Every structure is written in C-alpha cells, then in structure tokens.
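These notes are about the structure you will find just below.
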Amino acid sequence: MDKNFYITTPIYYPSAKPHMGHAYSSIIADFFARFKRIDGYDVYFLTGTDEHGLKIQRAAEKKGLDPLEFCNVISKTFKDLSNTLNLTNTDFIRTTEERHKKSVQHLWSELEKNDDIYLSKYSGWYSVSDEAFYNEDEIEELDGVKVAINSKSIVEWIEEESYFFRLSKWQKPLLDYYEKHADFISPESRKNEVISFVKSGLKDLSISRKTFSWGIKVPNNKNHVIYVWLDALTNYLSALNYPEINNELYKKFWPASIHLIGKDILRFHAIYWPAFLLAAKIDLPKKIYGHGWILTGDEKMSKSKGNILDPIKVIDEYGLDALRYYLIKEVSFGNDGNISQEKLEDCNNSDLANNYGNLCQRVTAFAIKNCDGNIPNKINFQNDDLLILNKYNDNLNNIRKNIDNQNLNFYINYIVNSLFEANKYFNDQEPWKKKDDQERLNTIVYTALEIVRKISFLLYPIIPESSLKALKIFNISENEINLSSISNNEYLIKGNYINKIDILFKKIERSND
RNA sequence: GGCGGGGUAGCUCAGUUGGUUAGAGCGCAGGACUCAUAAGCCUGAGGUCAGUGGUUCGAUCCCACUUCCCGCUACCA
C-alpha cells in the first residue's frame with residue numbers, strides 16, 4: 001500500500017492581500033496533511049504564489065516597481081500567512097522561480113511535440129483582472145464602459161497572434177476519464193457541473209499572449225508569454241522537479257493525491273489541467289476537490305463585522321486554533337459556510353473552552369491532587385472503563401475511511417461526541433467519592449487521562465497548537481503523535497509525572513452588537 | 001430558458017433505500033452534584049420536515065404542480 005500523500009492548495013494570486021478564502025483552503029489542506037502524517041504517511045504539502053500576468057505587471061507599474069520586486073513583497077505576505085496559520089507545508093513555490101520556469105517550458109514543448117499546440121490569431125474582449133477572453137454575448141456596457149457580465153470587470157478589445165491548445169480534441173477523453181474515475185472530481189455536484197460543461201463542447205484554448213511581457217516566454221518565440229493558467233497549474237509538477245521524472249520527489253509523490261481548490265477555479269483544474277496532462281502523457285492527479293466559500297451572510301458590514309473576513313484580524317482577536325476549529329467544524333465541507341463573530345465566540349466557548357479545555361483541566365487537577373501528581377500505577381479496568389476506551393479502537397478504520405472521502409464533518413462530530421462521553425464518564429464515575437478505594441480512583445483517573453490523550457491526538461490536525469499544549473500534561477511531543485495509538489488503552493506510562501498546564505482556551509466575553 | 005442542488009426546532013445543520021413518539025449542537029427553562037475555566041451531568045419546552053394535490057394500508061422521504069433560495073449553463077439584447 002502506497003503510504004505517500006501529496007496535497008496542494010491553489011497557488012495564490014498576490015494582487016491583493018490574503019483573505020478568509022485563502023486561509024480556508026490552506027487550513028483545510030493543513031488538516032489533511034497533518035492527519036495523514038500522524039497516520040504514518042510521507043506527506044508532501046505544497047502551497048505558494050502565482051505571480052505572472054498582466055494584472056501583476058500593471059499593479060507593479062502603478063507602484064513604480066519592477067514586477068519581480070513587487071511580487072517579492074506580496075508573495076512574502078502569503079508566506080507569512082502560512083506561518084500565521086501554522087501550516088506544515090513542505091514547500092512554498094513561486095511561479096517566478098527558475099525551477100518552475102523550466103517545468104512550464106518543458107511542458108509546453110511536450111504539448112507542442114504531441115501536436116497539441118498551433119499558432120493562430122485571436123481577437124476578442126479581454127479582461128485583465130479575470131485573465132479571460134469573453135465572447136460578445138458575455139459582455140455588457142455599464143456607464144459607457146464595456147464590462148464582463150459575470151464579473152463586471154472591464155474588458156478591452158484585443159487582437160493578436162496566439163498559440164492555441166487543442167482542447168477540443170480532448171473532450172471525449174476527458175468525459176471517458178470522468179466516467180472511469182468516479183472520484184476524480186468532488187463533491188458530486190461539482191462533478192456534474194463539469195461534465196455538463198464539457199459535454200456542451202470545448203473550444204480550443206488560447207494559451208499565449210503577446211501584449212505584455214510579464215510571464216514565462218514561449219520556447220523559441222520570445223514574443224509570446226505563456227497563458228497564466230497553463231503557467232500556474234504547472235506548479236503542482238514543478239515543485240516535484242518535473243521534468244526530471246526520475247528524481248525522488250516526482251517518483252514518490254506524482255500523481256498528486258488531491259488538489260484542494262475553491263469552487264471558483266474548478267474549471268481550470270477539472271478541465272484544462274487534466275487536458276494538458278493527458279496531452280503531455282502525464283498521469284492525472286487522483287482527485288480535485290472544489291470546496292465552498294466562506295461568507296458573512298447578509299449582515300451589515302459594520303466595522304467589526306467586516307473584520308471577520310480578515311483572517312489576520314480574526315486570529316489576533318480570537319486565536320488561530322479558534323479559527324481553525326471553527327472553519328472545520330461549522331462549515332459543512334463542500335458547501336458554502338458562514339462565519340460571524342457570534343458563532344465563532346459560541347464555538348470557542350462551548351466546544352473548546354467548556355468541553356475540551358475544561359475536561360483537560362478537571363482531569364489533570366484531580367489527578368495531581370489525588371494521585372501524588374503521577375499517572376496512576378496500580379489500576380484495574382472494569383467494564384465501564386473498557387467500554388469507553390475501546391470505542392476509539394473500534395472506530396479507527398472508520399475514521400480513516402471518512403477522511404479519505406474528505407468527510408470532515410464526520411471526523412469532527414466523532415470528536416465532539418467523544419468529548420461529551422468523556423465528560424459524562426468522569427461525572428458518572430464520581431472519582432471524588434472514591435477516596436476510600438484508591439485502586440478504583442486510580443483506574444478512573446487513568447482512564448480519563450487516556451481519553452484526554454486520545455482525543456488530543458485526534459484534535460491535533462485541527463488545533464495543533466492547543467493539542468500540543470494539552471499533551472504537555474504527559475510530556476508527549478509532536479513527533480510522538482500517531483493515530484494508530486488511539487487504539488492502545490495503556491499508552492501512558494504509569495508512574496510518570498503529570499504536568500499541570502495552563503488554561504487551554506480562554507472564554508470570550510460575548511460581544512453584543 | 002435548460003440542467004442540477006436546496007427550503008427540516010429561535011440559530012447552524014444532520015437524517016429518512018416510505019413504516020409506531022423526526023435528530024444533533026448552540027440558545028432557552030428546571031433539577032441533582034461539586035473534581036474543573038460559574039465548567040460538567042440529568043430532565044424538559046420548542047417542528048402541520050416550504051405550499052397544494054397525487055400514488056400508497058401508510059409520505060418529511062416517491063410523483064406532479066406552485067413558490068422561494070443557490071450553483072452551472074444558454075438565449076435574447
């Protein structure tokens with residue numbers, strides 16, 4: 001069984017500062033990366049920035065900067081964001097890097113070699129900000145300016161020589177591929193959209209531009225730069241040193257396990273990208289997952305409410321783990337989700353502070369007071385104890401299966417239920433009434449500590465920082481966390497010292513506005 | 001216009017291959033406890049499962065129509 005896992009986020013377009021959508025994609029990807037890592041997989045987790053194109057070139061000119069200088073600055077804000085989000089990405093790729101340029105040009109040559117590229121002429125309405133051409137029927141006039149109907153962005157008439165990719169030729173192979181690989185596009189509803197789009201007919205795709213220079217040059221024709229999407233998508237390969245397909249990274253991690261993307265860029269990933277790869281005779285990624293958007297609902301955008309969409313500000317105010325937890329718990333994965341201050345506060349207080357944080361606190365405080373500050377030595381499990389402990393064992397494969405199907409909500413609900421059960425167990429067993437029966441008291445404490453440990457392992461991919469803080473109780477460090485050990489009921493070493501820990505989650509005073 | 005998804009407790013959402021009292025979390029009310037971050041536990045209130053009609057012994061779940069929301073896509077201009 002292949003124990004390698006390659007997950008990617010989209011590479012972000014640094015023409016504006018990071019927003020919640022970027023944070024969401026990255027956090028979800030990091031969740032999967034961490035989960036797979038503690039389950040014994042060798043994980044390659046890629047994120048980065050997409051830095052070419054006319055939009056960037058113009059933004060740089062506006063600031064009087066060289067495009068690369070401009071990108072250096074903004075790319076860094078995204079790199080900083082990945083630190084702020086505590087991402088465990090193994091690599092951060094920039095499309096302005098030499099390794100990427102080589103990959104893209106090689107991929108181009110392959111497409112050309114296989115007769116999938118031809119030179120022709122294109123004329124049409126082009127939107128710089130959308131990086132897309134529009135048909136006459138896709139634009140309208142607004143205040144005397146021509147704009148794209150969908151995006152309302154300004155379009156300009158462009159007529160130029162352009163290279164084309166024979167996308168039309170791949171319509172049938174793509175449809176066959178979708179049919180043979182039922183999991184290729186997820187969730188199901190997105191897959192249906194893609195299929196119906198492809199069925200409606202594919203036109204050849206213009207894949208070069210002459211009107212600006214900020215991009216990767218077409219091999220053997222310096223007048224053209226390569227279309228940004230062909231450029232950008234290739235990052236998934238260039239990070240693995242493509243075209244050196246015999247190198248360690250490429251052999252190990254291609255094809256990618258999953259490209260995690262937002263639903264807005266599904267077409268590029270589920271149609272163009274596979275077509276390019278088919279044409280270049282490269283294996284296709286195993287799955288494209290188009291997740292939903294994070295919305296604020298239709299609340300008025302007061303100053304404070306507006307901030308809820310700025311991940312940095314949210315993290316400043318509530319902490320990273322509160323945000324990570326919220327996005328994974330409260331958003332039905334695959335659908336759009338809402339975020340609001342009230343719900344974030346609610347979620348932090350009830351799930352994290354009251355339920356998980358307090359459980360850690362009550363169990364350790366009790367253990368320290370009543371078991372000499374050590375993990376109890378002399379224990380004797382009874383049915384009640386084994387019943388709750390074994391539940392983790394029984395569900396391990398179920399958990400894995402659900403994660404492989406991106407069923408995040410199953411995972412978190414499983415944890416939340418476990419927390420309820422854990423608190424109930426401690427309540428029902430009433431160890432504070434067992435002070436005349438030290439062995440029973442010890443057993444209850446040991447069981448409760450084991451549960452805290454197991455749950456903290458499970459929470460690690462979601463709220464890594466807090467999970468690690470909790471695991472300090474047992475002096476367990478990050479590299480010791482492994483999923484399969486949640487089936488071990490006596491993982492904790494008896495007699496070891498128990499560390500008192502600080503409050504894990506402060507409760508947030510309810511803001512009333 | 002076509003295709004697809006959806007309208008389930010105050011809020012966010014599960015669910016039902018049609019079958020006696022429709023679920024969870026949060027919020028709300030009451031209770032017992034005290035190890036703990038006034039946390040946790042127990043109990044309860046709260047829903048004509050968008051509307052109308054149909055199929056069926058029986059529909060929240062199937063069908064038709066109506067209405068509202070969302071996504072993809074087209075046409076007209």
Side-chain angles (χ1 to χ4, degrees), chain A residues 135-141 149-150 185 187-202 262-267 270-271 290-299 325-327 329-371 407-410 412-435 441 444-445 448-449 451-452 466 470 473 500-510 512:
Chain A
N135 293 326
E136 196 71 37
D137 56 10
E138 289 172 308
I139 63 166
E140 63 185 351
E141 214 168 290
I149 290 172
N150 288 327
I185 304 167
E188 190 85 16
S189 56
R190 302 273 155 230
K191 172 179 153 184
N192 295 336
E193 284 172 15
V194 169
I195 290 176
S196 77
F197 183 85
V198 174
K199 274 188 179 157
S200 76
L202 295 176
K263 62 181 185 180
D264 49 324
I265 52 175
L266 187 67
R267 187 185 299 177
I271 300 174
H291 65 66
W293 288 342
I294 308 301
L295 311 166
T296 42
D298 46 15
E299 294 172 45
Y325 185 87
Y326 181 87
L327 290 176
K329 162 101 187 298
E330 292 296 317
V331 177
S332 172
F333 191 56
N335 299 323
D336 290 351
N338 294 294
I339 187 166
S340 70
Q341 260 182 321
E342 195 193 353
K343 282 172 46 169
L344 189 68
E345 289 166 4
D346 228 40
C347 190
N348 178 79
N349 289 356
S350 37
D351 282 21
L352 294 176
N354 293 348
N355 212 343
Y356 175 58
N358 184 56
L359 175 72
C360 295
Q361 215 56 235
R362 73 192 294 206
V363 172
T364 47
F366 189 87
I368 288 168
K369 274 183 212 154
N370 295 285
C371 304
N407 195 349
L408 287 191
N409 300 99
F410 169 90
I412 199 140
N413 286 334
Y414 177 78
I415 293 174
V416 171
N417 281 332
S418 301
L419 284 167
F420 287 136
E421 281 173 5
N423 271 310
K424 180 171 166 54
Y425 167 85
F426 207 64
N427 252 71
D428 291 353
Q429 295 301 322
E430 301 181 305
W432 47 91
K433 287 186 182 168
K434 302 281 164 37
K435 293 188 179 168
L441 185 148
I444 295 165
V445 168
L449 289 170
I451 295 169
V452 166
S466 308
I473 297 167
K500 179 147 176 45
I501 55 160
D502 292 334
I503 298 266
L504 285 180
F505 301 94
K506 281 193 199 115
K507 297 233 275 187
I508 299 162
E509 293 259 344
R510 266 305 198 32
N512 298 314

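In this text, all values refer to a predicted model and were calculated from it rather than measured experimentally.
- Base pairing analysis places B:rC65 opposite B:rG51; the two distances defining the Watson-Crick or G-U wobble pair are each below 3.5 Å.
- In the set B:rU12, B:rG71, B:rC35, the nucleotide with an atom closest to the side chain of A:Glu330 is B:rU12.
- Checked by distance alone, A:Asn354 brings no side-chain donor or acceptor within 3.5 Å of a matching partner on the base of B:rA39.
- To the nearest angstrom, P of B:rG2 lies 19 Å from NZ of A:Lys199.
- Contact annotation for A:Lys506: no contact, since no heavy-atom pair falls under 4.0 Å across all strands.
- One can place CD of A:Glu193 at 6 Å from P of B:rC72, the figure rounded to the nearest angstrom.
- Heavy-atom distances to RNA chain B give each of A:Val194 and A:Lys343 a nearest nucleotide, and the one nearer the 5′ end belongs to A:Lys343.
- Evaluated for a side chain to side chain contact (heavy atoms under 4.5 Å, CB included) with A:Asn423, the options A:Val363, A:Ile451, A:Asn355, A:Asp428 yield exactly one hit, A:Asn355.
- Note on A:Leu504: a base of the nucleic acid sits closer than 4.0 angstrom, heavy atoms only.
- For the P atoms, the distance linking B:rC3 with B:rA59 amounts to 29 Å, nearest Å.
- Look at B:rC3: its Watson-Crick or wobble partner, with both distances under 3.5 angstrom, is B:rG71.
- In terms of modelled atom types and a separation under 3.5 Å, the side chain of A:Asn348 and the main chain of A:Lys506 share a donor-acceptor contact.
- A:Trp432 qualifies as a stacking partner of the B:rC35 base, centre to centre under 5.5 Å and near-parallel within 30°.
- Checking A:Asn354 against A:Lys507 by side-chain atom types alone, a donor-acceptor pair falls below 3.5 Å.
- Between A:Lys424 and the phosphate of B:rC42, there is a side-chain N or O to OP1/OP2 separation shorter than 4.0 Å.
- Spacing between B:rU67 and B:rG51 at atom P, rounded to whole Å, works out to 16 Å.
- Distance, A:Leu266 CG to B:rG71 P: 15 Å, rounded to whole Å.
- For B:rA74, the OP1/OP2 oxygens have no side-chain nitrogen or oxygen of A:Ser200 closer than 4.0 Å.
- Of the C1' atoms belonging to B:rG44 and B:rU21, the separation is 15 Å, rounded to the nearest Å.
- Base pairing annotation: B:rA59 forms no Watson-Crick or G-U wobble pair, as no partner gives both donor-acceptor distances under 3.5 Å.
- In this structure, CD1 of A:Ile508 is placed 16 Å from C1' of B:rA39, rounded to the nearest angstrom.
- With B:rC41, B:rU12, B:rU37 as the candidates, the nucleotide lying closest to the side chain of A:Gln361 is B:rU37.
- Once rounded to the nearest 0.5 Å, the distance linking NZ of A:Lys329 with CG of A:Leu408 reads 13.0 Å.
- As a whole-Å value, the separation of A:Arg362 CZ from B:rC41 P is 8 Å.
- Atom CG of A:Asn349 is separated from atom P of B:rG25 by 17 Å (rounded to the nearest Å).
- Spacing of P atoms, B:rU43 relative to B:rA24, comes out at 11 Å, to the nearest Å.
- Each of A:Gly337 and A:Ile503 has a nearest nucleotide on RNA chain B; the 5'-most of these lies closest to A:Gly337.
- The distance from atom CD1 of A:Ile185 to atom C1' of B:rG71 is 15 Å, rounded to the nearest whole Å.
- Pairing partner, B:rU34: none, since no Watson-Crick or wobble contact has both distances short of 3.5 Å.
- The distance from atom CG of A:Asn423 to atom P of B:rC35 is 15 Å, rounded to the nearest whole Å.
- As judged by a 4.0 angstrom heavy-atom cut-off over every strand, A:Phe505 is placed among the base-contacting residues.
- Nucleotides B:rG46 and B:rG10 have their P atoms positioned 11 Å apart, rounded to a whole Å.
- For the atom pair CG (A:Leu266) and CD1 (A:Ile271), the distance works out to 7.5 Å, reported to the nearest 0.5 Å.
- Remark: the separation of the C1' atoms in B:rA38 and B:rA50 is 42 Å, to the nearest Å.
- Side-chain proximity of A:Lys369 to the nucleotides B:rC41, B:rC35, B:rA39 is greatest for B:rC35.
- Separation of the P atoms belonging to B:rG54 and B:rC72 is 38 Å when rounded to the nearest angstrom.
- Listed candidates were B:rG25, B:rA14, B:rC26. Nearest to the side chain of A:Ser332 is B:rA14.
- B:rA29: Watson-Crick or G-U partner is B:rU43, with both key distances under 3.5 Å.
- Under the 4.5 Å side-chain criterion, counting only non-hydrogen atoms from C-beta, A:Lys435 is in contact with A:Leu441.
- With both pairing distances under 3.5 Å, B:rA24 is matched to B:rU12 as a Watson-Crick or G-U wobble pair.
- Going from the C1' atom of B:rC68 to that of B:rA14 covers 22 Å, rounded to whole Å.
- Ionic pairing of A:Lys424 and A:Glu421 is not present here: no N-O contact between side-chain nitrogen and carboxylate oxygen is shorter than 4.0 angstrom.
- Proximity of a side-chain donor or acceptor of A:Lys434 to a complementary backbone N or O of A:Gln429 within less than 3.5 Å is detected.
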